[in-house]
Each structure stands twice: as C-alpha cells, then as structure tokens.
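Given the structure is predicted, the values throughout are model-derived calculations rather than measurements.
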Amino acid sequence: MAWVPALKVLVALAGVYLLLPRLVLAPPRTARGALDRLLIDVIRVTALLIAVAHVLVPLQLFQWTGLLMAFGACAFWFKLRPAGWTLAGMQGRWEQATEALLYLSEAGSRDGNDRVKQKVRLWWRLVVLRRLRPRLPTSGTALAAGLLVPLLLVIAASLVIRLAYPLQNAAFVPSDNYVHLAWTKFLSLGDLFHDGIYPRGMHSVLAVTSTLMPVTSFELARFAGPLMNTFFVLLVYVMTLRATRHAGAALVAAAVVGILGIRPEVGLADYRQIGTLPQEFAVLMAVAGLFMAAEYVARPSRDRLIYVGLAAFSTSMSHPLAAGLVIVGAGAIGVTAAIRSGRAVKALRMWAFCAAGVVVGNLYVVFGLLFGNRIYGGVTDLNPVASEDTHRAAGSFSPMIDQSPLAMAALVGAVIGLAYGIHRLRRGHRDGGLAAALSAFLLLAIAVEWSGDAILHPWYAERWEELVVALIPLGIGLGLAPLAELWARRPPLTRAAAHVSVGVAMAAGLVVALPPTIPHPSILGVEYEASARALGRLMKETPRLTYTVVGPPEWFDRVLGSGYHLQLIDFADQLDLSQASDPGFHLPIGTRRIFVLDEKNPFVYRIYRTAGGVIGARYQDLEARGELMRTVDEWIRTYSRFHDGVSIYYEDDDIIIWQIKHWPSPKYAERYELVREQ
C-alpha cells in the first residue's frame, strides 16, 4: 500500500500544524474564520519550530525530551501565563489531577462506578452538548457547506496530481531532495551547518516533525513537498476570496495553480511541485506573510504586523532569494497603505516589521561565520548583478509573459484588480484595499521580473521568474472579480451560489481546453527507482548501525544515522583483484553485513548534486561510470569464488545489490584507507 507513508506524513504535519498551536499558543485574536486561523497557525508554528530547532541543535538538546521541555515552556509563556496561570496555580492543579487519579483508581466498586458515570453524564450535558448545539447545521449553513464541494474537488485533484509520481517512485526527483534529506538528518544529529552556512528553515520543520511524530525523515522528504504545494493552492483560494469576495474567481485561481500549474501555459516546474524544496517552502511563507500584510491594509491590527514579521523571518530562514519577494511585496503593499490612509505611518510600520523579520531571519549567517563555518558553495557568489559575461538583454517584455497566455491574462487581471480595488475603496469597502494591495504587489513583482533579465545575474533572474510564476493564478482571480457586481443585489447565499456556479463553469472550461498533466520528470533522477526501493527495504530489514552500504553519494543521504556508507569510487580504487582472489583477505569494513551496488546498465542522468556540493565526474560521465561498475562487478565476482558469505540481495535487468557477511575486525580495517562514513 504505497499510500500509507503519504497518509502518515499528512497526519504528522496535521498534528504539528493543527494540534501543536492549540497546545502551546493562544488563539489568534484577529482570525476571521477557520481558514484565517489555519493560516495564522501555519505562520506562528513555522516560526516557532525554526527558532526552537536553532536553539536546541547547538546546545545538543535536539531530541524529543528537549523538544517537549521547550514546547512546555512555550505553552506556559504564550498560552497559560496570559490566561492567568501561575507556577503556584499549576502546582495546585497537579495536586488536583493526582487526587482525580486516586479517585478513579477507587472506582472499581459499585458505588465508585456510579459516581464516575454520574460525572460523565454531567460533563456530557453541561459541556459537550452546550457547545455542540449552536454549531449544528441549519439550512443556511448546510447550503454554505455545499458550496465548498467544488473547492474540495480542486484540492483533491491538486493533491492527486502532485502525489502521483512520489507514490510510484522511491527515488527522489529532483536530486536536491537528497541534499535536504541529509541536512534534515544532520539537524537531528546535532549538526546545524553541515556542508556550510545555508538557511535551515524547512529542514528545521521536517526535523522537529520526524522527532515528535512516528514518521521518518525519508517519508517527509518524499511526501511533504506535494502536501506543501497543495496547501499553496488553498492559500491562493483564500487570498483571492478575501480580496474579491467572489468565490467563483477564487475557485478559478485555485484550479489554475492546482490542476493546470505544471502546464507550459502556467509554467510551474513539475519537479518543484513534487519535490520537498526550500524555495517552494519559502514562497509559501512569503505569500502567507504578504497576505497578512494586505490584510493589515484593510484592517490595521498589531497582531497582523507581528504575523508579517514572523512570516518574513521564516522566509529568510528558508531560502536566500525568497526574502526579496517579501521586500518587493511589502513595498507595493506599503505604498498602497500610504495612499489609502493619506499618510505614510502605516507603510513605515509595515516596512519596519517586515525588515525586522528579514534581518532577524538572516542572523544565522553572522552566527555561522562567528563559529567558523563557511558559506555553502551553492550561494558563494552573492552578487546578484549581471556582469559583462553574464549580461542578457531583455529582448521582449518578459519571457514569462510572452510564452504564457495565462501569464498575460494574470498581468491584465492585476491591472483590473488594482482598478477594482480602488473603486471599492472609494465606495467605502475596506476589502478594496486588500484587492488593490495584492494587485500592486503582483504588478511590481512582474516589473522586477521583466527588468531582471537585463539587470540580474542569470541565476537570480531565473529563480525570480520561478517565484513570480507562482503568482499567475492570483492575478487571474483578481481580474475576474468584477463579475461579482453582476449579483450584488442578490441575497448572500444566492449570490455565493451564483459565484460558485460561474467559477465551476470557467474552471471546467479551462480544464477541458488544457487537460492537466501528471508530473513525470524522470530526466532529473539520479538513481534507478528499483535501487532506491531495494535500499529502503534493506534499511528496514537490517538492524541500525550494523551494516555498510557501498554505493553512490545519494546512498549516504539515505542511510545517514541508520548505517554506514562507503563511496563506490573508493571501493574500486583501493581494492585490487589480487586481494579478492586471496582466501585470507577479508574486506576491511568494520560491520557484519555489507551491501554493494553493481549496475549492469550504468544509470544515465543529466544533473548530479551531493550533500557536500561535490560533482562526481566519475558518477556523472556515462563511460566513466560504466568502467567503475565493471571494476566493481569483476572484483565482487572474484571475491565470491574465494570467500563464503557472498550472495545476491536484489537483482533485476539493471542492477545487482550484493550482500557480504563476514566477521569484522576493526584493527584489521584500520590498516586500510577505506573511510567509513556515518
């Protein structure tokens, strides 16, 4: 049942983001409904998990007991203390709980059972029913709930599209997933900046979740990405609905990003929709924070400014470029706030909170350098300005706009949304400020993307385009908002039903005209699917830290913390056939069981990246990899003729995984230069 691990990840993330805030954080005072509270909790919990991880890991306290103590302290400070609880009062409640346990322990007698039953009946009547009856659906609420069915169908379709590839493939695509899996494990092992200084926001969330919940880091790295990107679909729906008060426009926007997102007409990279990547995680946090900033434009509140700062902090702690999206968005929304209010105070306040979040979110660089770490190789060149060699002239308005009709529709929609928001503001509707702010944000982001080809370094320009493409559905939804005026005089539920009907018709038309596609980016893989699946099986069947795998670098990321790893290159270079044919020679590897990968058909791939940022030319080049595998195959087959304990653990048309059982001698192994990685 391939869907069981995905369900485990869903339950684990739900436990972290739904249960944890109710245990350790006070209810948000500015939430305007269940979806608002969910979004606020996502912002608050993400910032909390990142902060807790970055405190506990350097202190070597990152384990479930340390996390429970940290969350207990947070619960007292953020939830119990504002409610009037004191340490003395908590001690009194502990004594009451002890007395209650003693009371229940005496309930074995007939009188005791009667007292317990009486207490339960009283609690059910006075507590449960009193809270439940006001929430029982009426005809109106039942109709409103029925209007959510199309949204649930869009969310379900979006999730199916994004889960299709991970459910069928144990091998990660893209290869970056292996890097982030290793970094998540290193956090759990107490190493904050393994391989160099790089933001560890997403990794902190995954590490805390895998420590507290019955789910592995591998399962999270495999399925958290599709769930995260599906939540982004819901976020787009909420933003569009709140800005336009048009459920149909919001439904179309959600369908564009969720169902049609990976089509070229929209341009979201398919591998980024199925991968667990910090860039997408940072975009999610950035857009959530900017939504709170736009909400502040409509309804100023100190709490919303705090949420903006927390989201900016989480964004900066997750990806170095996504912080630019926060800066640009806060600028557009801040100017909108200044125009709306007639003074710049709100805009400056917005900038202050956003800037504070970005600054605090980048302090990890300072602390990393102070403790002697280096900048991660992937972001060593921090100069975003194009040089003479890398300059690209902007030959068109925008490659993104020219190649995507829906992107052009989003641009037009943002202009319409800006005019519509200003119109609603003049008529006294506060939600008009939200529509105007989001439209201005989108227009400024597209303007930066247009000029980026001529100004920015190509790497930064390409990444910025990826960030802006995710906003296309928002522009489409904002452009459809004026349709709401057609039913402005109808009763609320009738108007909502009409809006949803229009949205369903338009979304269905788009899906028929542009049939959705399932992501299948196999070209970005780095190993055979059978190899990844067999490795996962042997990790489950073999006791922890009792085996060594001899394989490519991605196997190190998989077995880190569970077993030992030896590079195939080291294995092939440092052992010769004379040793293999010597009956007195034993492999100088200090574990009882050894598994060696041997590819009959060398794996061909386009890109390769390891946790250390090292490109292995002998793994990447087809001819060199073929020669490496032939050397390994000849050595293993020779060794098996002169030694016992050699067998085939797994074999198919492409690979063989050999299993070697021997009695290890650590002192014997130390005489050789083979390095055992943990």
Side-chain angles (χ1 to χ4, degrees), residues 6 151 153-169 171-177 180 221-237 240 251-284 287 319 322 398-411 413 442 445-446 449 462-477 506-525 529 606-607:
L151 172 62
L153 293 177
V154 169
I155 296 295
S158 305
L159 185 59
V160 169
I161 290 173
R162 286 157 177 76
L163 280 178
Y165 187 90
L167 285 174
Q168 299 172 13
N169 295 270
F172 286 157
V173 173
S175 59
D176 293 23
N177 255 29
H180 303 304
R222 185 179 174 189
F223 295 112
L227 296 173
M228 173 180 67
N229 288 303
T230 302
F231 184 79
F232 183 76
V233 176
L234 178 63
L235 176 58
V236 168
Y237 176 85
T240 309
L251 188 66
V252 172
V256 169
V257 66
I259 301 179
L260 306 179
I262 64 172
R263 288 190 59 90
E265 290 80 6
V266 179
L268 293 176
D270 55 356
Y271 69 91
R272 289 196 168 276
Q273 291 300 299
I274 66 174
T276 305
L277 303 173
Q279 178 173 306
E280 275 56 47
F281 184 81
V283 168
L284 174 62
V287 175
H319 195 270
S398 166
M400 179 191 75
I401 299 298
D402 288 350
Q403 297 172 10
S404 172
L406 289 180
M408 179 59 75
L411 176 63
L442 180 57
I446 292 177
E449 193 278 330
E462 180 182 355
R463 289 302 182 94
W464 184 262
E465 181 173 329
E466 291 174 351
L467 301 180
V468 176
V469 165
L471 304 175
I472 286 177
L474 179 61
I476 293 175
M506 296 189 67
L510 281 174
V511 171
V512 171
L514 304 171
T517 58
I518 301 296
H520 196 76
S522 300
I523 192 172
L524 297 178
E529 198 279 332
R606 189 178 71 183
I607 186 172

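- Across all their heavy atoms, Glu529 and Gln168 have their closest contact at OE2-O, 3.7 Å.
- Under the side chain to side chain donor-acceptor pair (under 3.5 Å) criterion, Arg222 pairs with no residue at all, not counting sequence neighbours.
- Asp176 contributes no side-chain N or O that, together with a main-chain N or O of Leu277, makes up a donor-acceptor pair within less than 3.5 Å.
- A search for side chain to side chain donor-acceptor pair (under 3.5 Å) contacts involving Arg272 returns Glu280, Glu466, not counting sequence neighbours.
- Pro519 and Tyr165 make their closest contact through O-CB, 3.6 Å (heavy atoms, listed as atom of the first residue, atom of the second, distance).
- Nearest heavy-atom pair across Leu260 and Leu514 is CD2-O, 2.9 Å.
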Should Thr276 and Phe223 be marked as a side chain to side chain contact (heavy atoms under 4.5 Å, CB included) after you check the CA-CA gap, both sets of side-chain angles, and the distance that decides it?
-> CA-CA 7 Å; Thr276 305; Phe223 295 112; over 6 Å; no
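- Val256 and Leu510 get closest at one heavy-atom pair: CG2-CD1, 3.9 Å.
- Contact of the Ile155 side chain with the Leu151 side chain is registered, since non-hydrogen atoms from C-beta on lie closer than 4.5 Å.
- Ile518 CD1 to Arg162 CZ: the interatomic distance, rounded to the nearest 0.5 Å, is 10.0 Å.
- The only option from Ile476, Val233, Leu235 that meets the side-chain contact (heavy atoms from CB on, under 4.5 Å) definition with Val257 turns out to be Val233.
- Between Ile274 and Pro226, the shortest heavy-atom contact is O-CD, 3.6 Å.
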For residues 468-475, run the donor-acceptor check on the side chains, cut-off 3.5 Å, and write out each pair with its distance to 0.1 Å, sequence neighbours left out.
none

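- Note: Gln273 CD to Leu268 CG = 5.0 Å, rounded to the nearest 0.5 Å.
- Nearest approach of Pro516 to Ile161, heavy atoms of both residues: CB-CD1, 4.0 Å.
- Put simply, the side chain of Asn229 gets close to the backbone of Gly225: a donor and an acceptor are under 3.5 Å apart.
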